Number of protein chains: 4
Amino acid sequence: MAAGTTPNSTRRSERSRVAILTATRELITEVGYAKLTIEAIAARAGVGKQTIYRWWPSKGAVVFDSLLALSESPDGGIELPDTGDVEADLKAVLRATAAEFSDPAFAAPIRALNTEIINDPELAAVYREKMEQPIREAKLRRLRSARDAGQLAADADLDLLLDLLYAPLTQRWLLRSGPLDDGFADALVEAALRAFRP
Amino acid sequence: MAAGTTPNSTRRSERSRVAILTATRELITEVGYAKLTIEAIAARAGVGKQTIYRWWPSKGAVVFDSLLALSESPDGGIELPDTGDVEADLKAVLRATAAEFSDPAFAAPIRALNTEIINDPELAAVYREKMEQPIREAKLRRLRSARDAGQLAADADLDLLLDLLYAPLTQRWLLRSGPLDDGFADALVEAALRAFRP
Amino acid sequence: MAAGTTPNSTRRSERSRVAILTATRELITEVGYAKLTIEAIAARAGVGKQTIYRWWPSKGAVVFDSLLALSESPDGGIELPDTGDVEADLKAVLRATAAEFSDPAFAAPIRALNTEIINDPELAAVYREKMEQPIREAKLRRLRSARDAGQLAADADLDLLLDLLYAPLTQRWLLRSGPLDDGFADALVEAALRAFRP
Amino acid sequence: MAAGTTPNSTRRSERSRVAILTATRELITEVGYAKLTIEAIAARAGVGKQTIYRWWPSKGAVVFDSLLALSESPDGGIELPDTGDVEADLKAVLRATAAEFSDPAFAAPIRALNTEIINDPELAAVYREKMEQPIREAKLRRLRSARDAGQLAADADLDLLLDLLYAPLTQRWLLRSGPLDDGFADALVEAALRAFRP
DNA sequence: GCATAACCGAGACGGTACGTCAAGTCTTTGG
DNA sequence: CCAAAGACTTGACGTACCGTCTCGGTTATGC
């Protein structure tokens, strides 16, 4: 049933937990991560500050959990499309990712999350386990399916392939070093696949 | 002679400027970017706070300038090794970059810089122009030389190639998602070159 | 048998009541009245906070009861010495009182009690009835005996005499405006008696 | 010019100092000492909390200074009436003191001050020196004049006489143990003088 | 003789105030 | 006549307690 960084207890008020995470998400999009304060979260959530400090060790952890709650799919299973054509499928997925990054509603919180993760190794570990891992697994499954179908070299290092696909996209978005258009997504997929074709 | 983000003036005390940038660099490595304060910089530099506020618009700008001062080579020219063997040369360069990232003395300030840039588009623009551009140009020169030598496809998109080479490395370092060893650097170079071979 | 400010009930846990009053007394001498907290009392007594709030209306009331328990003599009767010589008897009593005030174990809680009473008229009333009255009555009995023996004027206002005897002593102790030695006690008794001699 | 407990400095803002002391006095009479908070003082005075903490070590010290400012007469000289009749003069003075105690506007702050002094020996010392001393000196001058006029015993202990006069009054007021009417004041004066008549 | 209700410990809750820290602005003063 | 020194207002920090409110778990009548 949920649960990211925060411990659990029967005594805990679910109403407060949800109010805090919701308030956090709203405030991030409204005022930005840099100006997000615990006091504002508490006020917006109608909660005492102590209730936040009781269950989360840092502002970053609250932000993290508030985004985690968003990303968790109810069924728990994430799957990439598999039409049989890796290149087409990956292009669709990367274009979608690029589009998401361009949507301020998504972008602001994720930018905040990245800032937090860069400076907090502990949080980074939780992030990888809870948020990155499930998605990465889904991506790897799709690539394995492609390899099995002979669309990729039999000895292809799929982890590396994934990095080649996604890192340039994320980097460009984070540092705003160029446009995130479909052309870039397509070129990325083509180049990455070229490196691992059979 | 100076010049990053900051304006200039004859009235300005060079002694103070240098003291501030030096103090900033020292403090970043000592206490980390998150705990860096203007007051501490002023105190360490033996300078009034106002003197900092007079010349820099934000903490990020000071940090930026303090690192810019470091990266500026006196002669102004940066050049990558060119032995004639792109693969070997790139591997050497990426291994060196990875090693730098592993050195806390370098890592802390650059991490700080990245945090700042992610959340400040204006600063990001200056960063790209003043710090990234010159290095990127040098890298592109090396790749162009390889293309001319027939080691890369004639129509290779060298900008994309650069992204494929460096983004996964930077990403892995920033998010600490894996080890930055020579094996990774080598695999990266091999895969990226494979995608653009003639 | 107990009973100060607090109501009673058969259901009430005697063990808890005693633990709370004991903890309160200990904490007053340890940390002082100003830093005494309900939470600390509850923790020390191994008791839920609610158990305190259920039976006492305020911190002052708990403190009061904890001291009341001390002052209550088992037999219920207090009597001043009566050797036939009022002056000698009063000097002995005032010296003893002064000595008590000099003992930190007594002084701290009584100081606390006075602080509480000064600012809480309701508590002051209970204090007068439960703690001051019995002692004052005993003192008056001794003075009446002296008046009957012709050692005081027949029309002496014994209440006023009592105030003249004790107020300067208490005042000096509370405000630390001078030493509480035997000389002071003696001088006080002599002057007060002089004002009411036959 | 002033100056009680607080240190001094040329840099200090006189405007803030006065605003804080005024706000403190107002708040004591409005909400009482127990509910007086530093935050409320700062807010009312239009001052940062830090400015209070910078110059005063405790809430008690602020309260103290705020009352000290009141009690300081501009000319610096306090004198009791001297009609030649000690008894009449003292009765007038004690009646006036009793009346002051009955006025809530005076009573509340002084009660607060007493609470503070009882529990803070350091503050008590300053209180004695700055506030009590000057008044006590004036009273002693009047008594000395009476002794010189042959209205008091030549060897009368005037300090003790003062205590006998004032302690019962103050005590009765602080503990609310009886009415502060003219009758009480008069009886007090008569009894005290009786003890020290020639 | 068993239910049931009050009391118990524990401790989470919404709050208020604490005392500290730093931000960014304004003022004084010494070199 | 700058610029260091540092006081100022502001606002958030993280902590301590407040007094209220469940939570289960004993008791110990009283039906």
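To find a chain, count down the sequence lines: A is the first, B the second, and so on, and within it residues start at 1. The structure displayed is predicted, hence computed values, not measured ones.
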To the nearest Å, how far apart are Ile41(B) CD1 and dC21(E) P? 18 Å
Roughly, in whole Å, what's the span from CZ in Arg17(C) to P in dC8(E)? 12 Å
With a non-hydrogen cut-off below 4.0 angstrom, is Ser13(D) in contact with a base, only sugar-phosphate, or nothing? sugar-phosphate
Where is the tightest heavy-atom contact between Ala34(A) and Lys59(A), given as atom of each residue plus distance? O-NZ, 4.5 Å
In whole angstrom, give the distance that lies between atom OH of Tyr53(B) and atom C1' of dC8(F). 14 Å
Does Trp55(C) have a side-chain nitrogen or oxygen under 4.0 Å from the phosphate oxygens OP1 or OP2 of dC8(E)? yes
Length of the line joining Arg15(B):CZ and dA4(F):C1', which is rounded to integer Å: 13 Å
Under 4.0 Å between a side-chain N/O of Ser16(C) and OP1 or OP2 of dC7(E), yes or no? no
Which sits closer to the 5' end of DNA chain F, Leu36(A) or Val47(D), going by the nucleotide each is nearest to? Val47(D)
Once you round it to whole Å, what is the distance between P of dA7(F) and CD1 of Ile20(D)? 14 Å
For Asp120(D) and Arg176(C), work out which heavy atoms get closest and say how close. N-NH2, 4.1 Å
Does a distance-only test, which skips hydrogens and angles, find a donor-acceptor pair under 3.5 Å between the side chain of Lys49(C) and the base of dG19(F)? yes
Let's see if you can work this out: which of dT9(F), dC13(E), dC8(E) has an atom nearest to the side-chain heavy atoms of Arg12(A)? dC13(E)
Under 4.5 Å between any side-chain heavy atoms of Thr29(A) and Pro109(A), yes or no? yes
Tell me the interatomic distance from Gln50(C), atom CD, to dC21(F), atom C1', rounded to whole angstroms. 8 Å
Toward the 5' end of DNA chain F, by each residue's nearest nucleotide, Lys59(A) or Glu39(C): Lys59(A)
For dA16(F), does OP1 or OP2 lie under 4.0 Å from any side-chain N or O of Thr37(C)? no
Nearest nucleotide by nearest heavy atom, which residue falls closer to the 5' end of DNA chain E, Gly48(C) or Gly46(A)? Gly48(C)
So, OP1 or OP2 of dC8(E): does either fall under 4.0 Å of a side-chain N or O from Arg54(C)? yes
Atom CD1 of Ile38(C) and atom C1' of dT20(F): how far apart are they, to the nearest Å? 13 Å
Of all heavy-atom pairs between Ile20(B) and Thr24(B), which one has the smallest distance, and what is that distance? O-OG1, 2.7 Å
Ile52(D) CD1 to dC8(F) P: how many Å, rounded? 11 Å
Heavy-atom pair of closest approach, residues Arg44(C) and Leu27(C): NH2-CD2, 3.5 Å
